Amino acid sequence: MTVLHRVLQGLYSGQGRASHAAAANRKPHLFVTMFLIWGLLLVWFHPRLVSILEGASTVGEWLSLGYFVVFVEIAWLYGAYNICIVVFARIDRYLSRNDEPVTVADASMPEQAVAVLYTTCNDFVEESALSCVNLEYRNFKLYILDDSSDKDFKARIDRFAARYGDLVQVIRRADRRGFKAGNLNHALSRYVSEPLFAIVDADEILPRDFLTRMTARLLADPNCGFVQANHICNKRGGNKLKQDMSIGVDIHWKWYQPLRNRFGFVMFLGHGALLRTSCWKQVNGFPELVSEDLAFAIAIREHGYYGSFAEEVVCMEDFPQSVRAFRVRHIKWTRGTCEFLGSCMSWLVRSKNISLVEKLDILFPTLNLPMTFFFFIFMINSSLIIPLMMGEKRDITFVLAGQEFVLPMLMLPDIYTKLYSADFFAITVLTILAPILCFILELYRYPVRLFRFLCHSTSLYAALSPMTTIAVFGYAVTRKARFLVTGDESGGNDIKPGRLGGGAVGARLKQFFSETHPDHRGMQYLEFAAGLVFLVTALITFQIAFIGLAIGFMMMPVMHNIGWDNALTRVVVWLPFSFIVVGIGFGGLSIFGMYPVLFGYGFHF
């Protein structure tokens, strides 16, 4: 054991993967480090940043600049959070090399009866169901919880179940009340008697030793309420979208989940997990929310139980098969997260049985999706309101191959030039890179592959901002969330493409904002319009990075309809990230006296 390892073991003693009882006393090193970094950033940069308020001559200008200052400093906090995740994931991985594997002393324990609950709604995948019946475990039964409305899916499920006799039981109900949570509660309260149960999504592939290893880990500690397995993307039989994006799924699981055994709150992620039936009974079932998984994990934590993340047990999950399915899933996650925060946040904050470290580890990633709404407002403020309200027109002359080119630029008053410095540029770039730092560390040896992934990822994820903003606003005004099935292409999500106008306008608006479904033409028109407005403004104000984002915003609804494999898509997906990189480069020129609006006011988050 090296000196460094001894030091780390001393700092984090009792925080090993097998020590669930220490969860209540987890040391807060990650969040202490994060707030320390943020505090230092505020001490160094805040006086200079807040001084731009001196340039405000009206209440509107003061409010606009004030929002800019506050959001930039929140962005630094999230940047520090993502950097600390990467650092402490490294520490966790280093310490884990000497962790003792979890074993079960009583040889009869792995024979504990287990119910495998396979949930489906018009998205049955036989390969996934086969992985459930082929498990290397003696005492289990597969329950297919079928909420399908499509007769073909029902028939396929019945034929599959008939092949395995008593090993497989199909459970159906009269309605879809409570969505996935209601489906699980219905089966557990009426049909399932096993003391342990696993939850499997329709597209999930379990390893053959899933129950053997997960049962051993769960039963090793009576305080462990559930064990969450690791996941990678199923790359077999994939289309181009899956091939391009699967590596991002694998890297995110690797960096953002295992360290929670030591430094945070292990979340139940809704699938690929083994749970105690007794815990389910103690909390009166799964909360009937779209984000029932996180709500359940918090509920049992309040009763003194912990979750454990089993990094060594690796399941496979599918990436959405189309851009449309990806967007449907994102809407479900966004509105479900808003519903969770609206229903559970105040209770979580007041809880006396959940430590501050765990609360922070729940809230930081959970608030990230709703924060997109405020980020989009920040983009509007930074790229539209501030430059147009306070900008001064100036001509910049470029000389290329002896030829002069004059470009009109919208510049801010001289008071803002104090932000155009090497240190401010460095923290800007670091804040931008922090959320993708884990991908950079994994792929830096393969620069072409890294650049390709970041281009594809930006076109798919960063371009979601307008849709996410509309979804957050929709939930805020309707307080409705709905469990949309990612893989349901049969119409089971019950949405008909429509328009915002015509007929009873109030009723149409109410329906639109209660759904904010990506199939709705109104959603797609709004996304495209947002991108077009950003593009025009970015060209006028010479904000190069925003040109890339604007192209991404406009292309997102187009990709929804033409797909990821379309020839146009294959070309355009390279543009958003490329423009952002070029824009950051132009921002760097501010150090040498050139001041494009982008550097201080465009792409800070």
Side-chain angles (χ1 to χ4, degrees), residues 15 20-36 38-39 70 73-74 77-78 80-81 84-85 178-179 181-182 184-185 223-226 228 256-257 259-270 273 275-276 278-309 333-374 472-473 475-481:
Q15 302 300 307
H20 310 298
N25 300 310
R26 286 174 180 167
K27 297 177 181 178
H29 292 88
L30 188 155
F31 289 99
V32 168
T33 304
M34 178 195 73
F35 282 114
L36 178 61
W38 189 49
V70 170
E73 294 183 348
I74 292 174
L77 176 61
Y78 265 89
Y81 168 74
C84 287
I85 287 287
F179 311 117
L184 291 167
N185 288 334
N223 293 314
C224 183
F226 69 90
Q228 173 65 58
Y256 277 78
Q257 298 303 330
L259 79 161
R260 289 196 159 99
N261 280 323
R262 281 190 172 89
F263 300 115
F265 180 86
V266 175
M267 299 184 185
F268 167 43
L269 299 172
L275 305 89
R276 292 183 188 270
S278 59
C279 288
W280 173 84
K281 291 178 179 178
Q282 284 190 45
V283 297
N284 297 316
F286 289 102
E288 293 192 351
L289 305 173
V290 172
S291 295
E292 84 293 331
D293 43 9
L294 179 55
F296 176 80
I298 294 172
I300 68 166
R301 180 66 188 87
E302 184 73 5
H303 282 72
Y305 292 95
Y306 314 108
S308 175
F309 186 79
W333 284 355
T334 300
R335 295 186 74 108
T337 300
C338 292
E339 180 189 39
F340 165 79
L341 291 170
S343 303
C344 304
M345 183 173 174
S346 61
W347 168 78
L348 171 65
V349 171
R350 295 195 308 268
S351 172
K352 296 180 180 179
N353 295 328
I354 301 176
S355 67
L356 178 60
V357 172
E358 294 171 292
K359 291 176 182 177
L360 290 172
D361 198 36
I362 293 167
L363 291 175
F364 262 86
T366 304
L367 288 167
N368 199 43
L369 274 176
M371 278 290 292
T372 305
F373 174 85
F374 299 99
V472 172
F473 178 79
Y475 178 81
V477 297
T478 66
R479 309 296 290 180
K480 291 182 179 180

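Keep in mind that this is a model prediction, so the values were computed, not measured.
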Asker: Out of curiosity, Ile362 CD1 to Leu367 CG, how far, rounded to the nearest 0.5 Å?
Answerer: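 It is 11.0 Å, given to the nearest 0.5 Å.
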Asker: Nearest 0.5 Å, please: how far is CG in Leu36 from NE2 in His29?
Answerer: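 CG of Leu36 is found 12.0 Å from NE2 of His29.
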Asker: Without swapping roles, check the side chain of Asn185 against the backbone of Ala181 for a donor-acceptor pair under 3.5 Å.
Answerer: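 Pair found, side chain donor or acceptor close to backbone of Ala181.
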Asker: Using side chain to side chain contact (heavy atoms under 4.5 Å, CB included), reason through Thr334 and Phe373 one step at a time and then give a plain yes or no.
Answerer: CA-CA 10 Å; Thr334 300; Phe373 174 85; over 6 Å; no
Asker: Check Ser355 against Glu358 and note the closest heavy-atom contact, atom names and distance.
Answerer: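 Scanning both residues, the minimum pair turns out to be OG-OE1, 2.9 Å.
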Asker: Between Val472 and Thr372, is any pair of side-chain heavy atoms under 4.5 Å apart?
Answerer: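 Val472 vs Thr372: side chains apart.
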Asker: Hey, mind stepping through Trp280 and Leu275 against side chain to side chain contact (heavy atoms under 4.5 Å, CB included) and telling me if it holds?
Answerer: CA-CA 8 Å; Trp280 173 84; Leu275 305 89; over 6 Å; no
Asker: Show your reasoning for whether side chain to side chain contact (heavy atoms under 4.5 Å, CB included) applies to Asp293 and Ser291.
Answerer: CA-CA 5 Å; Asp293 43 9; Ser291 295; 4.1 Å; yes
Asker: Could you grab the distance from atom CD1 of Ile74 to atom CH2 of Trp38, nearest 0.5 Å is fine?
Answerer: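 Spacing of CD1 (Ile74) from CH2 (Trp38) equals 7.5 Å.
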Asker: Take a 6.0 Å sphere around CZ of Phe374 and say whether it holds more than 12 heavy atoms from other residues, nucleotides or ligands.
Answerer: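 No, not enclosed.
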Asker: Between CD1 of Ile298 and CG of Asn353, what distance do you get to the nearest 0.5 Å?
Answerer: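 So the gap between those two atoms works out to 13.0 Å.
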Asker: Which atoms form the tightest heavy-atom contact between Asn261 and Gly307, and what is the distance?
Answerer: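 Smallest heavy-atom distance, with atoms named: OD1-O, 4.4 Å.
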Asker: More than 12 heavy atoms of other residues, nucleotides or ligands under 6.0 Å from CZ of Phe473: yes or no?
Answerer: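 No.
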Asker: Are side-chain heavy atoms of Ser351 and Arg301 found at a separation under 4.5 Å?
Answerer: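 No, too far: nothing below the 4.5 Å cut-off.
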Asker: Specify the closest pair of heavy atoms between Ala273 and Phe268, including all atoms of both residues, with the distance to one decimal.
Answerer: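 Shortest heavy-atom separation between Ala273 and Phe268 comes out as CB-CE1, 3.5 Å.
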Asker: Taking all non-hydrogen atoms of both residues into account, name the closest pair between Val357 and Phe263 and its distance.
Answerer: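 Minimum heavy-atom contact is CG1-O, 3.7 Å.
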Asker: Mind checking whether Val349 and Lys359 have side chains closer than 4.5 Å, heavy atoms only?
Answerer: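 Side-chain contact under 4.5 Å: no.
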Asker: Okay, side chain of Tyr475, backbone of Gly336: is any donor-acceptor separation there less than 3.5 Å?
Answerer: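 Between the backbone of Gly336 and the side chain of Tyr475 there is no qualifying donor-acceptor contact (under 3.5 Å).
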Asker: Could you give the side-chain donor-acceptor pairs of residues 337-347 under 3.5 Å, partners two or more places apart or in another chain?
Answerer:
unit_1 : atom_1 : unit_2 : atom_2 : d
Thr337 : OG1    : Trp333 : O      : 2.7
Glu339 : OE1    : Val290 : N      : 2.9
Ser343 : OG     : Glu339 : O      : 2.9

Asker: Output all residues satisfying salt bridge (Lys or Arg N to Asp or Glu O under 4.0 Å) with Arg335, sequence neighbours left out; order by chain, then residue number.
Answerer: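 Per chain and number, Arg335 pairs via salt bridge (Lys or Arg N to Asp or Glu O under 4.0 Å) with no residue.
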Asker: When you compare the side chain of Phe309 with that of Gln257, does any pair of heavy atoms fall below 4.5 Å?
Answerer: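 Yes, side chains in contact.
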Asker: Hey, could you give me the OH/CZ distance between Tyr305 and Arg276, rounded to the nearest 0.5 Å?
Answerer: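 Here the interatomic distance stands at 7.0 Å.
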Asker: Can you check side chain to side chain contact (heavy atoms under 4.5 Å, CB included) on Met34 and Leu77, steps first, answer last?
Answerer: CA-CA 7 Å; Met34 178 195 73; Leu77 176 61; 4.0 Å; yes
Asker: Restricting to side chain to side chain donor-acceptor pair (under 3.5 Å), what partner residues turn up for Glu288, sequence neighbours left out?
Answerer: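 Partners of Glu288 by the side chain to side chain donor-acceptor pair (under 3.5 Å) criterion, ordered by chain and then number, come out as Arg177.
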Asker: In Å and rounded to the nearest 0.5 Å, what is the CG to CD1 distance from Asn223 to Ile300?
Answerer: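 Going from the CG atom of Asn223 to the CD1 atom of Ile300 covers 11.0 Å.
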Asker: Hey, are the side chains of Phe31 and Asp361 touching, using non-hydrogen atoms and a 4.5 Å cut-off?
Answerer: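 Side-chain contact under 4.5 Å: yes.
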Asker: Check the angle between the aromatic planes of Tyr81 and Phe364 and answer parallel, tilted or perpendicular using the 30° and 60° thresholds.
Answerer: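 Because their plane-to-plane angle is under 30°, the rings of Tyr81 and Phe364 count as parallel.
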Asker: Look only at the side chain of Gln228 and the backbone of Val266, and say whether a donor-acceptor pair between them is shorter than 3.5 Å.
Answerer: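 It does not hold such a pair.
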